[in-house]
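As structure tokens, the structure follows; a few thoughts come after it.
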Amino acid sequence: MKNLEIAALFNEIADLLEIKGESTFRVNAYRRAARSLENLAEDVEAVADRGELDQIPGVGKSLAEKISEYLRTGKIGYHQELLRELPHGITTLMRVPGLGPKTALLLYEHLGITTLDQLEQAAREGRLRGLPRMGKKTEENILRGIEQVRRQSTRLPLGAVLPVAEELVAALREARGVGEVSVAGSLRRMRDTIGDIDVLVTASRPEHAMEVFTTHPLVAQVLSRGTTRSSVVLRNGMQADLRVVERSSFGAALQYFTGSKDHNVKLRERAVRMGLKVNEYGVFRAEDDRRVAGRTEEEVYAAVKLPWIPPELREDQGEIEAAERGKLPRLVTREDIRGDLHMHTKWSDGQATAEEMAHAARQLGYEYICITDHSQSLKFAGGVSIDDLRDHIRQVRRLSERLDGITVLIGSEVDILADGTLDYPDEVLRELDVVIASVHSRFRMDTQAMTDRILRAMRNRYVTMIGHPTGRLLGQRDPYSVDVERLVAGARETGTILELNAQPDRLDLKDAHVRLAKEHGVQVAIGTDAHSPAELRFMEFGVGTARRGWLEPQDVVNTLPLKKLLARLRQKRGG
DNA sequence: GCCGTTTTCGGCCCGACTGTTTTCAGTCG
């Protein structure tokens with residue numbers, strides 16, 4: 001999969017063009033195409049083979065040609081040309097917050113700086129302050145910025161950020177004079193990773209809200225503090241922004257700062273065509289600047305003749321067109337979820353008993369759960385022997401009889417062995433309600449072998465679903481090399497469900513793949529893979545990702561009531 | 001460089017904040 005490699009090259013070309021002072025529109029064209037490639041569910045090579053590169057949003061004739069060139073030669077000539085004018089390292093300077101293309105060029109031309117190390121040294125020696133528009137303060141900011149880049153250059157998983165954001169939101173809700181409070185940005189869109197936290201409030205005393213925010217115990221450093229916006233760095237290294245907006249503009253500001261950028265650009269272009277102007281203060285008539293909307297998001301969308309669009313869809317992936325035609329999906333919600341089919345207990349590497357998990361699930365309002373401990377070969381995770389599994393089956397059946405208000409099913413998360421066979425024989429699998437087949441070993445196979453391996457497991461009639469189908473661990477491990485399109489096609493053929501694993505560092509399948517599954521009529525099961533009662537709450541992250549993949553309740557098997565679920569689970573076995 | 005209910009040229013978002021300046025450039029979102 002060369003999607004990310006090409007996206008990175010386009011981003012570097014954009015940086016280089018920006019440093020050269022090229023038209024921002026041209027620069028943005030490269031950035032937009034890069035984002036498109038990052039979000040593409042498909043292998044760009046497959047798109048190229050079909051001759052459909054120019055169908056990718058933001059990719060026209062010129063960029064399609066550059067993509068083909070890269071696929072052919074592993075290089076982009078234009079990129080090489082730019083690198084003959086400017087050194088590669090100069091773009092890394094732009095990763096320092098507050099340091100943009102103009103400053104990068106200045107540093108290079110005057111001091112020959114092309115690396116963070118050189119920049120740090122120059123700043124420490126006080127050599128920056130002699131340059132135009134550079135003072136002592138800028139020097140200090142650059143040093144702090146370098147530290148920030150080194151400490152944490154990547155985005156954090158949604159699951160690590162949401163609790164922190166909720167703490168900030170709670171503190172602001174309690175602050176005197178604060179009215180509305182909402183997170184915005186990628187957090188509100190439930191992206192799998194988050195770059196920074198955006199919070200919006202209305203406040204009768206803005207300075208007090210700013211005080212509460214900038215002095216919160218989670219704050220490590222205040223970057224800026226104004227009357228309408230303040231920025232801080234939190235203890236976890238992440239940046240957080242608070243904006244105070246007028247009540248009459250709250251909806252417009254929320255829409256604006258929720259993004260995504262591409263969604264907003266398209267929305268504003270639509271507004272312009274309708275003789276309107278959309279900004280963070282409201283929707284205005286172009287002719288006389290009269291405000292026609294702004295208090296709520298619904299109002300803003302209505303002003304451009306669209307229904308309200310759920311934040312999870314706002315990625316310019318066809319949602320505006322769907323809204324226009326009244327074809328927005330009725331997205332699945334947490335309340336639609338009736339049970340959780342993937343969790344572990346003390347029988348393998350979990351922390352609680354089956355009964356404790358069942359009680360916790362009942363608290364969440366579930367009708368059913370399924371206990372799915374690891375299979376025998378997964379020794380380090382306490383894999384269950386066949387004899388023990390038979391005992392567990394009896395115990396869970398008794399437990400389910402005994403408990404009121406919830407049904408406990410028994411299953412297993414069975415290893416897919418290197419050759420695609422399973423870690424228990426069929427006569428054991430057939431006694432289980434749910435068989436989740438997962439890859440936990442031999443990650444480094446090539447695409448063909450890995451895909452064949454999983455497809456073989458799918459062809460087993462007792463395999464209900466494939467667990468965490470791509471094996472990624474956000475920020476820790478890349479997905480194993482697998483052809484998701486072939487997996488989806490295989491799932492479709494065999495009637496196998498694909499899991500959307502809701503562990504915050506997995507979220508696997510990811511949003512784009514979830515959508516691909518839906519488009520091919522493949523159903524998904526959202527499972528938490530919980531290893532403790534508390535982790536059952538990870539369902540929220542899974543639902544967020546499902547919504548980003550446009551899933552409706554009927555696309556998710558664990559929205560089914562128990563009877564229908566059992567029928568669905570038996571379907572593949574042929575009754 | 002892309003894109004099209006203003007279609008093959010001429011748009012493409014724009015306001016807030018900082019640090020330096022003495023009226024604004026650079027950066028960010």
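Per the geometry, CG belonging to A:Asn141 stands 16 Å off P belonging to B:dC17, to the nearest Å. Look at CG on A:Leu128: it is 11 Å from P on B:dT20, rounded to the nearest Å. For A:Arg129 and B:dT18, the CZ to P distance is 21 Å, given to the nearest whole Å. One atom, CD1 of A:Ile13, and another, P of B:dG1, lie 9 Å apart when rounded to the nearest Å. Between the CZ atom of A:Arg268 and the P atom of B:dG11 there is a distance of 19 Å, rounded to whole Å. Rounding to whole angstrom units, CD of residue A:Glu269 and P of B:dC13 are separated by 6 Å. Following rounding to the nearest Å, A:Glu246 (CD) and B:dA16 (P) show an atom-to-atom distance of 12 Å. A straight line from CD of A:Glu18 to P of B:dG1 spans 15 Å, rounded to a whole angstrom.
At the heavy-atom level, A:Thr227 lies under 4.0 Å from the strands shown only through sugar-phosphate atoms. When heavy atoms are screened at a 4.0 angstrom cut-off, A:Lys266 is found touching no nucleic acid atom at all.
Between the C1' atoms of B:dC13 and B:dG29, the separation comes to 11 Å (whole Å). Comparing B:dC14 with B:dT8, their P atoms sit 24 Å apart, to the nearest whole Å. Distance check on atom P: B:dC2 versus B:dT6 gives 22 Å, rounded to whole Å. A distance of about 23 Å separates the P atoms of B:dT22 and B:dC17, rounded to the whole Å. For the C1' atoms, the distance linking B:dT21 with B:dG26 amounts to 12 Å, nearest Å. Comparing the P positions of B:dC28 and B:dT20 gives a spacing of 16 Å, expressed to the nearest Å.
When A:Pro97, A:Ser230, A:Ser231 are each tested for a side chain to side chain contact (heavy atoms under 4.5 Å, CB included) with A:Leu223, only one passes: A:Ser231. Exactly one of A:Arg314, A:His263, A:Lys327 qualifies for a side-chain hydrogen bond (donor to acceptor under 3.5 Å, both in side chains) with A:Glu319. That residue is A:His263.
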Original post:
Do A:Arg547 and A:Val332 pass the side chain to side chain contact (heavy atoms under 4.5 Å, CB included) test, and can you show the C-alpha distance, the side-chain angles, and the key distance before you say yes or no?
Top reply: CA-CA 6 Å; A:Arg547 291 167 64 86; A:Val332 64; 4.2 Å; yes
**OP:** Evaluate the criterion side chain to side chain contact (heavy atoms under 4.5 Å, CB included) for residue pair A:Val265 and A:Asp316; output intermediate values, then yes/no.
**Re:** CA-CA 9 Å; A:Val265 166; A:Asp316 189 24; over 6 Å; no
Original post:
Given the rule in the side-chain hydrogen bond (donor to acceptor under 3.5 Å, both in side chains) test, do A:Glu12 and A:His88 qualify, once you have shown the distances and angles that lead to the verdict?
Top reply: CA-CA 9 Å; A:Glu12 185 167 348; A:His88 163 81; 2.8 Å; yes
**OP:** Please lay out, stage by stage, how A:Thr447 and A:Asp483 fare under the test side-chain hydrogen bond (donor to acceptor under 3.5 Å, both in side chains).
**Re:** CA-CA 6 Å; A:Thr447 312; A:Asp483 183 339; over 6 Å; no
Protein N or O to nucleotides 2-4 of chain B N or O, pairs below 3.5 Å:
residue: B:dC2; atom: OP1; partner: A:Gly60; partner atom: N; Å: 2.6
residue: B:dC2; atom: OP1; partner: A:Gly60; partner atom: O; Å: 3.4
residue: B:dC2; atom: OP1; partner: A:Leu63; partner atom: N; Å: 3.1
residue: B:dC3; atom: OP1; partner: A:Gly58; partner atom: N; Å: 2.9

Protein and nucleotides 26-29 of chain B: nitrogen or oxygen contacts under 3.5 angstrom:
residue: B:dG26; atom: O3'; partner: A:Thr103; partner atom: OG1; Å: 3.4
residue: B:dT27; atom: OP1; partner: A:Gly100; partner atom: N; Å: 2.6
residue: B:dT27; atom: OP1; partner: A:Gly100; partner atom: O; Å: 3.0
residue: B:dT27; atom: OP1; partner: A:Thr103; partner atom: N; Å: 3.0
residue: B:dT27; atom: OP1; partner: A:Thr103; partner atom: OG1; Å: 2.5
residue: B:dT27; atom: OP2; partner: A:Lys102; partner atom: N; Å: 3.2
residue: B:dT27; atom: O5'; partner: A:Gly100; partner atom: N; Å: 3.4
residue: B:dC28; atom: OP1; partner: A:Gly98; partner atom: N; Å: 2.8

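Contact detail for A:Arg291 and A:Gly282: the closest heavy-atom pair is NH1-CA, 4.3 Å. Residue A:Gln317 comes nearest to A:Trp550 through the heavy atom pair O-CZ2, 3.6 Å, listed as atom of the first residue, atom of the second, then distance.
Taking CZ of A:Arg32 as the reference point, atom CZ of A:Phe25 lies at 14.5 Å (rounded to 0.5 Å).
More than 12 heavy atoms of other residues, nucleotides or ligands sit less than 6.0 Å from atom CZ of A:Arg486.
Place A:Gly226 and A:Met134 on DNA chain B by their nearest nucleotides, and A:Gly226 ends up nearer the 5' end. Between A:Lys277 and A:Met210, the residue anchored nearer the 5' end of DNA chain B, judged by the nucleotide with its closest heavy atom, is A:Lys277.
Residue A:Val265 places its side chain closer to B:dC13 than to any other of B:dG19, B:dC13, B:dT6.
Between A:Tyr281 and B:dA16 there is a side-chain N or O to OP1 or OP2 distance below 4.0 Å. The phosphate of B:dC17 (OP1 or OP2) has a side-chain N or O of A:Thr228 nearer than 4.0 angstrom.
Salt bridge annotation for A:Glu140-A:Lys136: present, with a cationic side-chain nitrogen under 4.0 angstrom from a carboxylate oxygen.
B:dC28: Watson-Crick or G-U partner is B:dG15, with both key distances under 3.5 Å.
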